[in-house]
Amino acid sequence: MSSETKEQKQEETEEEFPKRYDPKVEEPHWQKFWDDNQISKFDPKDTTRKIFSIDTPPPTVSGKMHLGHAFGNSQQDFIARFKRMNGFNVLQPFGTDDNGLPTQTLIQKLKHVRAKDLGRTKFSKLCIETLENELKPTYLADWKRLGISCDFDVKYSTIDPHSRKVSQKSFIDLYNAGRQYRIDAPAMFCPHCKTAIAQVECEDKDIASFFNDIVFKITTEDGKEEELIIATTRPELLPACVAIFYHPEDKRFHHLRGKTAKVPLYDMQVPILEDKRADPQKGTGIVMCCTFGDQTDCEWQKAHKLPIIEAIGKDGKMTEVAGKYQGNSPEIARKLIIEDLKDSKLLLTQKPITHAVNVHERCETPVEFIQSKQWFIKYLDLKDKMLEWGNELKWFPHHMKNRYDNWVNCLAWDWCISRQIFFGIPFPVWYCKDCDEVILAKEEDLPVDPLEQKPPIDECPKCKCKEFIGEKDIINTWATSSLTPTIVKELFKGEPCYEKLKSEPMSLRPQGHDIISFWLFNTVVKSQLHHNMLPWNDCFINGWMLDPKGKKMSKSKGNVVEPQVMIEKYCADALRFMAAGCSLGEDLPFPEKELVAGTKTLNKIWNASRFALMHLENFDPNSIDKEKIESNLEVIDKWLISKLNKVIKAGTDSFEKHEFSKCRSETDKFFWQVFCDNYLELCKYRIYSEDIEPEKKLSAQYTIYKVLLATLKLYSPFLPHITEAIYQRFFKEFESDISIHISKWPKFEENLINETSENAGDLAVDIVGAIRKYKSENQLSLKSELPELNIDKPEFEDKINLVIADICAVTHAKGVKFGKLNKEPILTNEFGVGLYL
RNA sequence: GGGCCCGUGGUCUAGCCCGGCUAUGACAUCCGCUUGACUUGCGGAGGAUCCCCAGUUCAAAUCUGGGCGGGCCCACCA
C-alpha cells in the first residue's frame, strides 16, 4: 500500500470513526434513529413472544423531568432493554399523571386564573390544553433525551377520556359490588383549599401554640361545685365540646363517672366518660372531646355515639354555634375566646408549647375535620387479605414489603375518595333532588360529566321525581392512578394481545419507596377488587436521589440538581452509568463524580473499540471457518473468552434478579482490567507483527470481535447511545440486527469456560504485573528492554510455555529460562515464582 | 410509641443473604512511566480498631444478642 493511499485510508477511518466520541452529536442522532426504526415498539399483534409489561410511573405535571425521574426511569429502562434483548415483547408505556390538585394549582399559577372563576368545565378545558400543548412536549423531549426506551405511542394521561372511562367504570363496578358508599362523615378538610383530603396528603409541621388550662364546672350531688381543669390547645372548639374523657384506670376521676360538666362560656352540659385513649400522663389527665378537633375526636364520636356539633363550617369560618365568634376564622376565634376566658377567670394558666400539627402538604394549612357527605371505598374488612396479597408479590428489595405490612396494619379508615376541587375526574353520579337517590351513569355512556350531562333516566325510580343534581365532587387522583395497569391494558382492546394482557398480572411495577403506602397499596387493592389478581408479579422499589450532602432535594432549599444540566455537562449515557451503579432501593446522595467516571468509561469504550476495529479491517466473521478457529485459539484468547463467559453468567443471573448494578460492575471490571489493561496489550504483538502466522493473527481478530461485541451488548442497557454508535459503525455490517438493542443478549457458553487456559493466562498476567512493578520501582520506562527472564519454578514450565510469547512481547524480555539461579530474585510473585534477570 | 434500613481507608462504596487467603472499586493524595486506542491513559505507593461490647465457631465485616449513632415509613401529638 502506498503512503498516499494509506493516508487516505486513515482519513476515511477518521471520518467514520472519529478520534473523539462526541455525545452531543451522537446521542440525539441515535435517539432519532431509534424513533425512526421503532426499536422500542411493543407489538400488539405478536402472540408468540412472551410479553414483559411495565407499569411505568406516570410523572406528575411540572413539565420538567427531575433527577428522581431520571434515576428511577433509567433503572426501569435497564430492565426493559435487558428483557427486550432476551426476546420479550416489551411493553413500556409512557403515561403522565395530570389529574387533580397539583395540576389545578400549577395551571392557576401559570395562567393567572382562578378555577372557581372559570367553573369546572372551562377550567378543565384550559388545563388539558395547557398540558397537551405546553407541558407534555417538554416532558417527552426530556424522556427521549435520556434514552428511555418507552413505546411513546402507548401513552395515556390520567385525565384523558380513556382514563376517565376506566376510572368511572371502576367506581360503578365497586358501587355495584357494594364497596362504594356515601355517608356524612368527618373528613379531613383543608380550610385553605376547601377540599377533603386524605391521610396521605398531610404532613407534620411544628407550630408554636399554647396549652390552656381551662376550668369546667361540675355540680356534685350535694349541690357543691367542683372544678375540673382541662388542658387544651384548641379553646375555639369549646362550642363543639361534646364530652369529657379520662382513662378507665385513672382513679383520680372515678368519682366523676356518669356526671356531667358545664362547658365554660357556653350553656352546655357534657357527659364525663371513660376511654383508654385518654392518656393520664398528658395535660391534666382529662381531655375534652370536640367535634372534630382531631382524629381521636372522630373515633370517640363514633365509639360513644356522641352528637356532632359543627363549630367550623365548610367556608373555614366559625359557625353559628360559636355564638358571638361566628364568622371569624378559627385563629381569631381562639384569641377572642382566650380573652373572654381570662375575663371570666376560667383560664388558669397558659403554657407555650411547640407541637406537631397535621397540615395539608401543599399549602401548610392546619387540617380540620368537618362533617360532610363523602364517597368512601369500603376496604377495612379486607386487612387480612391485603397482607396475603402483599405476600404474593415479589418485592425487590424484599424488605420494602415491611412498609406495606406496616401500612395495612395501621389502616384505621375506609378510603375517602371525594375531593371538592375543580380539576379531575367527576363521579359518574346524579342524585334525586327530592330523595337523594343515587343515579349511576350507564357504562356505555362513559366518560360522563354529570354537571354537563343528564342522567340516563327521566324520573327517580324511588320517588318519581324528575329533577336531578349532578355530583360536583371529583374523584381523588389516587383512585384513578391506582388503575394504571387497567388503563394500559385497555388501550389494547381489540388487539390480538388483549386477552393475554388481561388474563395475567403485568410483569413489573417500578416505583419509589415513598409511595408504597398509596400508589402501590391502592393499585394492589383495586386490582384485587376488580380482577381478583395481583396487578403485577414483581415490584421494584428504587431509592431517592438526594442532594450531594444527603438531604432531600427541594425547590425551597435550592439544592435541586437538574438532570438536563447534567446531560448538558456530561451526557445521557454518563447519567445512566451513574444510575446503574446504585444498589436497589437505597437512597443515594447525588454522586457527581460517578458522572465523571461514566464519561471516562465512555471514552475508554470508544478508544478500545477504535483500536480493535482498526485491526479488523480484513476480518469478516461470516466468511471464516468458525469451528476451526475456535478449536485452535491461542491460550490467551481462550483465557479472555473464558473470563468473558463468567461475566456473562454473573451479569445475566443478577439482571434476572433486577440487580443490574452487579452486571454493570462485573462488566466494568472485565472490560477495563481484563480486556483493555491486559488482553489488548498481550495480543498487540500478534496484531502488529508483519511476519506472524496468519492463524495466530486470526485467532486474535476473532477473539476481539467476539469479546468486544459481547461487551458492548452487556453495556448496552446502561449505555444505549455509545454502544449503538459503535455497533452501527462496525458490527452492523456483519450482524443481522438493525440495532444492538434488539440483538440477542450474549449467551453463556459453558463449554468455553477453560480453567487450564485461565490459569495459564492468570500466571502470564501476574508475571507481567510483577515486571511492571519492577520497572516502576526502578523508574524504568515500561518499554525498556529486559535480558532473558529466569523463572525458578520449573513445574510451571508447561503452563508458561503456552503464553511465553505474550509475556515476552509485553515485558520486552528477550526470552524466558527456567531454573534456580544463585542470586536474589528481583521479585517474587503471588504464585511463588521467583523472577531473575 | 410501632416498624424498617444503614454504619467498611480522607470521601463515597462492594462484600454480609450462603462465615474462610493479604477486605472491592471509584474519587482524592504521593511517586513514576509515556508501551504504535486512550494525558478522560498506564504502573506503583501510602492510607481501614470493617461503629462499640459480648456470644457462637478452628475461623466473624459476614451469624446471634445487647448497646451507640444516622436516616426513613407509620401512629400519636387534649
Side-chain angles (χ1 to χ4, degrees), chain A residues 17 19-21 199-200 204 206 209 211-214 230-235 237 244-245 277-279 282-290 293-297 353-358 397-412 513-514 516-517 543-544 546 548 550-552 581-583 585-589 591-594 596-615 661-662 665 668-669 672-673 676-677 680-681 684-685 687-688 768-769 771-784 809-812 830:
Chain A
F17 215 122
K19 237 179 161 168
R20 275 178 189 274
Y21 174 70
Q199 219 171 314
V200 292
D204 287 350
D206 283 328
S209 180
F211 241 147
N212 303 287
D213 282 344
I214 294 176
I230 292 180
T232 178
T233 52
R234 306 208 53 190
L237 288 179
I244 285 168
F245 285 99
R277 277 167 282 207
D279 182 351
K282 213 166 265 179
T284 56
I286 193 154
V287 54
M288 69 171 185
C289 167
C290 306
D294 60 25
Q295 190 155 333
T296 319
D297 289 338
I353 54 157
T354 305
H355 65 162
V357 175
N358 240 348
H398 187 261
H399 67 81
M400 289 295 178
K401 187 175 94 69
N402 294 319
R403 300 210 181 178
Y404 174 96
D405 291 347
N406 199 15
W407 172 257
V408 172
N409 287 324
C410 292
L411 271 183
H513 58 56
D514 51 325
I516 288 175
S517 43
W544 278 66
L546 307 171
K551 298 270 172 253
K552 221 164 154 177
C582 328
S583 47
E586 298 278 302
D587 288 350
L588 175 86
E592 189 164 351
K593 61 186 181 188
E594 279 292 308
V596 178
T599 312
K600 284 189 182 183
T601 302
L602 295 180
N603 184 56
K604 193 76 176 171
I605 293 173
W606 186 256
N607 279 304
S609 304
R610 218 165 58 92
F611 165 77
L613 306 180
M614 260 191 299
H615 299 289
S661 69
K662 207 167 173 188
S665 66
D668 278 343
K669 237 193 308 193
W672 205 299
Q673 291 168 22
C676 292
D677 292 352
L680 288 183
E681 294 303 326
K684 265 180 186 170
Y685 80 98
I687 296 273
Y688 283 114
V768 169
I771 302 289
R772 281 169 171 167
K773 185 173 177 179
Y774 167 77
K775 286 183 177 175
S776 175
E777 278 171 356
N778 292 282
Q779 309 200 351
L780 290 169
S781 154
L782 288 174
K783 217 167 40 174
S784 60
V810 177
T811 59
H812 296 88
E830 82 176 81

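Here is the naming used below: chain letters follow the sequence lines, and residue numbers restart at 1 for every chain.
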Item to check | Under 3.5 Å on both distances, the Watson-Crick or G-U partner of B:C17 | outcome: none

Next on the checklist: Does B:C42 have its OP1 or OP2 closer than 4.0 Å to a side-chain nitrogen or oxygen of A:K604?
Outcome noted: yes

Checklist entry - Once you round it to whole Å, what is the distance between P of B:C16 and NE2 of A:H399? => result 15 Å

Item to check | Any donor-acceptor N or O pair under 3.5 Å, side chains A:N607, A:N603 | outcome: yes

Item to check | Position toward the 5' end of RNA chain B (nearest nucleotide), A:N406 or A:L602 | outcome: A:N406

Item to check | Reported NZ-to-CG distance for the pair A:K604 and A:D677, which is rounded to 0.5 angstrom | outcome: 5.5 Å

Next on the checklist: Can you tell me the base-pairing partner of B:G1? Count Watson-Crick or G-U wobble geometry only, both distances below 3.5 Å, and say none if there is no partner.
Outcome noted: B:C74

Next on the checklist: I want to check one thing: is the phosphate of B:C42, taken as OP1 and OP2, less than 4.0 Å away from some side-chain N or O of A:W672?
Outcome noted: yes

Checklist entry - Tell me: CG of A:L588 to P of B:G70, nearest whole Å? => result 21 Å

Checklist entry - What nucleotide, of B:C74, B:U40, B:G41, holds the atom closest to the side chain of A:N603? => result B:U40

Item to check | Per A:C410 side chain, nearest of listed nucleotides B:C74, B:C38, B:C73 | outcome: B:C74

Checklist entry - Can you tell me how far P of B:G41 sits from OH of A:Y21, to the nearest Å? => result 17 Å

Next on the checklist: Please report the distance, rounded to the nearest Å, between CG in A:D405 and C1' in B:C74.
Outcome noted: 12 Å

Next on the checklist: Checking A:W606 against A:R20 for the side chain to side chain contact (heavy atoms under 4.5 Å, CB included) test, could you report, in this order, the C-alpha distance in whole Å, the side-chain angles of both residues, the deciding distance, and whether it holds?
Outcome noted: CA-CA 8 Å; A:W606 186 256; A:R20 275 178 189 274; 5.6 Å; no

Item to check | A:K593 side chain, from C-beta outward: closest of B:G25, B:U11, B:C5 | outcome: B:U11

Item to check | Check: A:R772 side chain, B:U35 base, donor-acceptor under 3.5 Å | outcome: no

Item to check | A:S781 side-chain N/O to B:U34 phosphate OP1/OP2 under 4.0 Å | outcome: yes

Next on the checklist: In whole Å, measure the gap between the C1' atoms of B:A61 and B:C17 for me.
Outcome noted: 14 Å

Checklist outcome for this item: Of A:S609 and A:R234, the one whose nearest nucleotide on RNA chain B sits closer to the 5' end is A:S609

Checklist entry - Roughly how many Å is it from NE2 in A:H513 to C1' in B:C6, rounded to a whole number? => result 12 Å

Next on the checklist: Please report the distance, rounded to the nearest Å, between CE in A:M400 and C1' in B:C6.
Outcome noted: 12 Å

Checklist entry - In whole Å, what is the span from the CG atom of A:L411 to the P atom of B:G2? => result 20 Å

Next on the checklist: Need one value for A:F245: base, sugar-phosphate or nothing, where a base atom within 4.0 Å counts as base even if backbone is also close, heavy atoms only.
Outcome noted: nothing

Checklist entry - How would you label the contact of A:K775 with the nucleic acid (heavy atoms, under 4.0 Å): base, sugar-phosphate, or nothing? => result nothing

Checklist entry - Once you round it to whole Å, what is the distance between P of B:U35 and CG of A:D677? => result 15 Å

